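Right, one structure below, let's go through it.
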Amino acid sequence: MQRKLTHTLGIVALAVGVSAIAPSCTKDLNQTPDYAASANVVYADPAQIQQVLARLYATFAVSGQQGPAGQGDISGIDEGFSNYIRQYWQLQEITTDEAVIGWNDGTLPAVNTLQWNADNEFVRATYDRVYYEIGLCNEFIRQTSDANLSSRGITGANANTVRTYRSEARLLRALCYWHAIDLFGGGPFATEADAIGTTPQYRKGSDMFTYVESELKALEGLDSNSGALLAPKAVYARADQGVLWTLLTKLYLNAKVYTGTDRSTDAVTYASKVLASTAGYSLSPVYANLFLADNNSNSARNEVIFPITFDGTRTQNYGGMTYLVHAPNGRAYTAAQADIDGGWSGLRTKPALTSLFGSTTTNNARDARSAMFVFKGQNPRVDTLGQFTSGPLVAKYRNVTSTGRPGSNLTFPDTDFPMFRLADVMLMYSEAVLRGGTGGSATQALAYVNAIRTRSGATAIAAGDLTLNSILDERARELFWEGHRRTDLIRFSKYTTGYNWAFKGGVATGKDVETYRSVFPIPNTDRVANPNLPQNPGY
Amino acid sequence: MKHSYLVKLRFLLLLLLSLTASLGAWAQATTGIVTGRVADAKNEGLPGVTVLVEGTSVGGSTNADGTYTIPGVPAGPHTLVISFIGYTTSRVPVTVVAGKTTTAPAQTLGENATALNEAVVIGYGTQRKQDLTGAVEQISEKQFVKGQVTNPEQLVQGKVAGVQITTAGGAPGASSQILIRGGSSLNASNQPLIVIDGVPVDNTGLAGASNPLSLINPNDIESITVLKDASSTAIYGVRASNGVILVTTKHGVQGDQTHVTVSTQMSLATPAKYVPVLTAGQFRDVINQYGTGGQKATLGAANTDWQREIYRTAYTADNNVSLSGAAGIIPYRVSTGYLYQEGILKRNDLKRYTGALNISPVLLNGDLRIDLNVKGSWIDNNFSDQGAVGAAVNFDPTQPIYAANSPFGGYYESTNADGLITLATRNPIGLINQQRNRSTVKRSIGNLQVNYKLPFVPGLSANVNLGYDVQRGRGTNLIPATAGSNYFRQITVNGVVRQGGLNNQYAQDLNNTILEAYLKYERQVGPGKLDLLAGYSYQKFQNRSYVFDDNLADGTVYVPAVPSYSGAFTYLNTNVLIGFYGRLNYNISDKYLFTGTFRADGTSRFSPNHYGYFPSGAFAWRIKGEDFLKNSTAISDLKLRIGYGQTGQQDLGNNYYPFLASLSLSNNAAQYQFGNQFYRTLRSEQYNPNITWETTTTYNAGLDYGFFDGRFYGSVDVYRRDTKNLLNFVNIPALAGLSNAGNFNVGSLTNRGVEIITNLDLVKGDKLNITVNANGTYNQNKLTQLTIYGSGNDVGQPTGGISGGVGNNIQINTVGHPTQSFYVNQQIYGTNGQPLQGVYADTNADGVINSTDRYRYKSPRPQWILGGGANATYKGFNVAFTLRANLGNYVYNNVRANSYYDQNSQGFVSNKTQEFLASRFTNAQYFSDYFIENGSFLRLQNATIGYNFGELIKKGTNLSLSLAGQNLFLITKYQGLDPEIIGGIDNTIYPRARTFTVGLNLGL
């Protein structure tokens, strides 16, 4: 009997034991990683909030959380390929008379020849990057609301610092919405007020314009207790008041395209704020310095209003500057000249650009800007898309400092991308004045154009030669390969019809394309995911 | 978890042991001993025969001479059930007297290939084959693929209907893709659950090991059972959607004598075929005809056959020693193995040391069964740079291997005025010789399983299983500074430029633990026998990866390691699975069989909704058991099975926390600059709080048949598997998430198929025996839904990245088509039958040929998977072979697609295949269906011939000799090296070698 008792007790103990393990272990189903941060921790610490802010800027430069590649921000396409600046640049440049690319990657040739459709992965990648950044900004703005700041114990000066970060996020978001207007004529729309998981509604370009304008105006009106943006040039690479004014100038100058209403007067107003001496910007005496490895510290520092920064060791990726330095490199333009480990032989320009300097085969000795073309060994015409011999090479962006020293890494350049710079604003001012904008003067407009020309050694032009068309040409000469050309050609109604270049429309001599191609299609991928989105007409 | 479950378990175990110890004495006096002998038709003693006292778990097995002794048999009348794989089961009545030894009448077992009484391993137990209600196939050692087998899954390649095993290539220890019934997942893992001796093992990849299964010595494996339909797999719940493979290792046998088995195998492997590239002479002609001036100038004077330079005849030795028997009441088996395998790619080899220990005592008159397994392995890998395989196809054959004054370690590399051309193909021999990538991988799997028949409640038993699976991977990769492959890595330290090479470490730890406990209850209820099982399972998978500095060859830090958010230099991922399960079997007179299972499974991957519920039910009618068939010899077996069940899938690979809103910290190379400061950034991660498991519903109907006295037997199964809520990586509406795509439960797919298994005992005699077996599977895979909002203007999800350009995809997943269908332009051919470059059908008739004209053409999935072979024995001789065939699988021949003439390449030219001489394309035509080839094939997987010398040395010993050949022929129309390619995109694979093996097996 004694044994029976032990026995029974044993079985009971076993049953109790098993049932005791079960519930305590079910708590184990709640696992979290030790290496990731939660929003409640991060957004309670201004230093970490600044790291999140840095990420909002980094979207333009990197492709994921692991440089040079890895943990990509978006998927469905090669990371480096789909980098924001690389894609934005491609849609603005290789679709125009300024550039041609020889690679067979996917549907890249269709971008080159203005024959894209709504399945084009490069169009999609650009769209995805633009909206990725807007989504990140929305999340940042949501998490740093005044209510969240106070509930997480951030007060006083710290709170004001974070409010400025929040304003910068709003400015970056406005910048991206401008890209959406310019490239896609509108698109899905959401702000911090829309919770994650909500399928966004569509907003057409003119409505988006109204929103962006009101956001930027609101940011302009903030004071130091409500998140005022930093003063121009206060901290390198931050989105400050100078960036705000430049963006407003861009919007207003192109307002006719986006909304049907000319806003040249507003463009003059905001360009003038950038150009005012109090803003502190000045032209770099040496044009080439703007595109070199030390353009964050050489004379370019005074001219560049908004750079996207790259660094050979600390900001690495296969898009952005790595692409812009490597892709045009090869043949007579040697890797050593760019201070890189080897060129990728893909990008060239078209005679349409080089001829603006007076020749399609030789540099213009007087104009420093044309010194960047390499004609040696190249066919000056673009006879084929695929051959790297076809078309002059462009040695604009290089991984060399202004004193001739190499960048810190042979693969990843130190060179920063000048997204906004003073010369662009000067030309926008002049153009807005010529387009009838008030508040400026024709004299000042001419002075700005000539300041730009003489900086590079070109002769000054006479007042009578200052026309809208001469401004478009001057923009090409000054700003080629900086990501403005497509927008400029559309504003001058020369993009789809009436002006052609090699391989436009898929033929070597170039031909008109459908007018609907002045905006890109909404990618099918998003129209499948979001039934609220209409397709742009024509696609 | 606050307190470790191990502590609790230890307590439980002690409790159980003390309990059983106290019971031992109590039970002793009422039992007796049974002895006897079992022989075959020739009256030779049959070793290893299982002898069970019916209705109890008391039993034993026969010694080498066929005798057995079973102690602890309760007094009274009993029936002994004497069974052995491949023989008919015999039942012997015997009356046991307490304290006495009873000798049972000698038994002769006849061979019975249908083996209906064979014990088949199933989830949480075993079942007689005739009692199975599900689609279960067991392959035992006798049927394994012979020859040089490094990984366990290769033992059953081509042997199991419905199972497609594809090795990644011919490298030693290469990984395999195992697809059971076509695979039910899309983006989640399609690998089946693998359970080794009761321990579900991790199929997470390990740094330093291409295939974690290669750490298991195939020589220790006794049988491999594949559970295919839901009624058999649903007991494994959330991980069972892609089938379950149960691996049972060899055990000692109670009362057995000591056996020593020594085996040795030596193999030679040679490349079976080379990619048909242009010879140096052909290449020169082509360059001179098509090349630019610059390209012609790069031609060299050498004639190098790069493929012959990088491969070799590889030698392999595989030695194993095992010792098994019973030490007193404790049966044991100890084994050790040493494998040295060379790959046919130079400087590629693997050394594996394995050890295994099993003890399986049965105590307390069979009331307490303890099964202890410990397996350990240690692999030293010497990886060669497999990039050389592709480089050897592409590298200019007119160039020499070595060049005088080459700064690249003496190897010829393509250079121009700037020096090394970074975009050029690297010298294949340089790639191989200028890399020393070695890893050491260790793995141990072990478990202690205790099964105790609880007293007082007849038929009730408890089973506790405590196990672990621990893996360590460590490796270093050293590339000298001069190597072309890493030449331009450069950093300036204190004004000194340091450049080139690599000197890096990598490491990963996997720690997995398991606790299972179940109760089993058996009793007669009404007209039938009821088996009930209820259990609990806890598993924890911990995956820790380490980060190290990225160094140059001289040890200079190129990119310093950065700590994770927690400040540590490691990343730990944890997955916990908790399951509650039950099974009911009801057997009415061995004719009507019912099975029902249910599992509730919780996973830490989904939160807060951890749990999924997975039911199944099956019914089998053993028609043979009915009176009208009972005495028929023409129809020796007939059973109809139908089953239904649901299983789950939660394995998102490296995505452990898809539900969690978190921020991740960038590394040092993805910082951003403000002012003069650089900041590591924090990124808000995409997450899905609603994510849950995908569910596969399986319908299965099967017929087991046996005719002509069991000489022609097998089964036919038809199945349909509908997977819904696919764990799918899909596009998110812009601004609705924090990336453009994420993990969602979207879409559904269906696999439908038929499996046929036939076995034929063609000749059955005293001396000559010939058996033939064949299996065939027809599977049809179709996506039935892919997006939330239907398919409207959706072309589908592109997939299948190719080599050529960046980001080019050749496949697409589209509703209504098989997954990974090729998505290509339709090639137009000229009157001479040659493809016209760039001329394709304008399928949408819009006047423009572009990507919208692509159509869906074929898929890499075979329609038919066939396997079969024959086995003949004559006296001591045996001859066997295994054939495998896939029919209807298509392959994108990426090597051919890259064989166009590229006038654009600068400073170097790449070799092409013979294809170029046919098509003469001068532009890439990657999307032409011209490169989609029929990959159907027939392969002689292995052929062996052996002779058994029998008791050559002395009585009780055995000596056998065998000669095996693997991959002896491959019949296919495919133009590339080998059409058996995981994913169906052939961009050169490490060739599967032709192997000849001599083996010697000595039993003492």
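A note on names: the letters A, B, ... follow the listed sequences, proteins ahead of strands, and every chain is numbered from 1. No hydrogens, no waters, no symmetry mates; every other heavy atom, side chains included, goes into these values. Small disclaimer: the values here were computed from a predicted structure and weren't measured.
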Can you tell which part of A:Phe81 gets under 4.5 Å to a heavy atom of chain B, answering side chain, backbone, both or neither? side chain

Which atoms of A:Ile49 come close to chain B, meaning under 4.5 Å heavy atom to heavy atom: side chain ones, backbone ones, both, or neither? neither

Under 4.5 Å heavy-atom distance to chain B, tell me which part of A:Leu56 shows up: side chain, backbone, both or neither. neither

Among A:Gly506, A:Gly70, A:Pro531, which has the most heavy-atom pairs under 4.5 Å with chain B? A:Pro531

Which bit of A:Asn117 comes within less than 4.5 Å of chain B, counting heavy atoms only: side chain, backbone, both or neither? side chain

Residues in side-chain hydrogen bond (donor to acceptor under 3.5 Å, both in side chains) contact with B:Tyr657, at least two apart in sequence or another chain: none

Heavy-atom distance under 4.5 Å to chain A: side chain of B:Ala734, backbone, both or neither? both

Give, as side chain, backbone, both or neither, the part of A:Ala61 having an atom under 4.5 angstrom from any heavy atom of chain B. side chain

Top of B:Ala417, B:Ala670, B:Gly602 for chain A proximity - count of heavy-atom pairs under 4.5 angstrom: B:Ala670

Given that the side chain runs from C-beta out, which part of B:Ser662 has a heavy atom under 4.5 Å from chain A: side chain, backbone, both or neither? both

Considering only heavy atoms, which portion of A:Glu139 lies under 4.5 Å from any heavy atom of chain B: side chain, backbone, both, or neither? side chain

Structural part of A:Thr384 lying under 4.5 Å from a heavy atom of chain B: neither

is_close_aromatic(A:Tyr35, B:Tyr565), centroid dist under 6.0 Å: no

Side chain, backbone, both or neither: which part of A:Phe60 has a heavy atom under 4.5 Å from chain B? neither

In the structure I gave you, are the side-chain heavy atoms of B:Leu454 and B:Leu519 within less than 4.5 Å of one another anywhere? yes

Just how far is it from atom OG of B:Ser684 to atom CG of B:Leu663, taken to the nearest 0.5 Å? 4.0 Å

Counting heavy-atom pairs under 4.5 Å to chain A, which of B:Pro733, B:Ala741, B:Ser564 comes out on top? B:Pro733

Part of A:Phe140 within contact of chain B (heavy atom distance under 4.5 Å): neither

Aromatic contact, A:Phe412 with A:Tyr318 (centres under 6.0 Å): yes

Quick check on B:Leu423 against chain A: is it the side chain, the backbone, both or neither that has a heavy atom closer than 4.5 Å? side chain

Using 30° and 60° as the class boundaries, would you call the ring planes of A:Trp103 and A:Trp344 parallel, tilted or perpendicular? tilted

One thing to verify: whether A:Arg124 and A:Asp526 come together as a salt bridge, which I'm taking to mean a side-chain N less than 4.0 angstrom from a carboxylate O. no

I need the residue from A:Asp78, A:Thr525, A:Val62, A:Leu410 with the largest number of non-hydrogen atom pairs under 4.5 Å to chain B. A:Leu410

Among the listed options B:Thr574, B:Val746, B:Ile421, the residue most often paired with chain A at heavy-atom distances under 4.5 Å: B:Thr574

Answer with side chain, backbone, both or neither: which region of A:Gln50 has an atom nearer than 4.5 Å to a non-hydrogen atom of chain B? both

Distance-only side-chain donor-acceptor flag, B:Tyr558 / A:Asn409, under 3.5 Å: yes

Which value, rounded to the nearest 0.5 Å, describes the distance between A:Thr315 atom OG1 and A:Phe310 atom CZ? 8.0 Å

Examine whether an atom of B:Phe674 lies under 4.5 Å from a heavy atom of chain A, and if so say whether it belongs to the side chain, the backbone or both; otherwise answer neither. both

Out of B:Phe678, B:Tyr687, B:Tyr679, which one racks up the most heavy-atom pairs below 4.5 Å with chain A? B:Phe678

In terms of side-chain geometry, is the basic nitrogen of A:Asp414 or A:Arg405 positioned less than 4.0 Å from the acidic oxygen of its partner? no

State, to 0.1 Å, how close B:Arg683 and A:Gln71 come at their nearest heavy-atom pair, and which atoms those are. NH1-O, 2.8 Å

Against chain B, label A:Ser75 side chain, backbone, both or neither, depending on which of its atoms sit under 4.5 Å from a heavy atom there. both

Tightest non-hydrogen contact, residues A:Thr313 and A:Ser408, listed as N-OG, 3.8 Å

Quick check against the 3.5 Å criterion: does B:Asp601 have a side-chain atom that pairs as donor or acceptor with the backbone of B:Phe580? no

Sort out for me which of B:Leu738, B:Thr570, B:Thr492 touches chain A most, counting heavy-atom pairs under 4.5 Å. B:Leu738

For A:Thr107, what residues pass the side-chain hydrogen bond (donor to acceptor under 3.5 Å, both in side chains) criterion, not counting sequence neighbours? A:Asn120, A:Glu121

Is it the side chain or the backbone of B:Ile732 that comes within 4.5 Å of chain A heavy atoms, both, or neither? backbone

Using non-hydrogen atoms and a 4.5 Å limit, figure out which bit of A:Ile77 sits close to chain B: side chain, backbone, both or neither. neither

Using non-hydrogen atoms only, which part of A:Pro109 is less than 4.5 Å away from chain B: side chain, backbone, both, or neither? neither

Can you tell me how far the CZ atom of A:Arg129 sits from the CD1 atom of A:Ile74, to the nearest 0.5 Å? 4.0 Å

Grab the two heavy atoms, one from A:Gln31 and one from B:Val576, that are nearest each other, plus how far apart they are. NE2-CG2, 3.4 Å

For chain A, the option from B:Leu665, B:Asn667, B:Thr603 that forms the most heavy-atom pairs under 4.5 Å: B:Asn667

From the list A:Ala36, A:Gly312, A:Gly135, the residue making the most non-hydrogen contacts under 4.5 Å with chain B is A:Ala36

Please identify, among A:Leu533, A:Val235, A:Asn530, A:Val52, the residue contributing the most non-hydrogen atom pairs under 4.5 Å to chain B. A:Val52

Heavy-atom proximity to chain A below 4.5 Å, by part of B:Asn731: both

A:Thr411-A:Asp341 side chain donor-acceptor pair, cut-off 3.5 Å: yes

Answer with side chain, backbone, both or neither: which region of B:Leu572 has an atom nearer than 4.5 Å to a non-hydrogen atom of chain A? both

Under 4.5 Å from any heavy atom of chain B, what part of A:Thr198 do you find: side chain, backbone, both or neither? backbone

Against chain B, work out which of A:Tyr57, A:Phe388, A:Tyr131, A:Phe189 has the most heavy-atom pairs shorter than 4.5 Å and name it. A:Tyr57

How many angstroms lie between atom NZ of B:Lys540 and atom CG of B:Leu515, to the nearest 0.5 angstrom? 12.5 Å

Which bit of B:Tyr611 is near chain A, if near means a heavy-atom gap under 4.5 Å: side chain, backbone, both or neither? side chain

Okay, side chain of A:Asn138, backbone of A:Ala190: is any donor-acceptor separation there less than 3.5 Å? yes

Return the option, out of A:Ala237, A:Ala54, A:Ala37, with the maximum number of heavy-atom pairs under 4.5 Å with chain B. A:Ala37

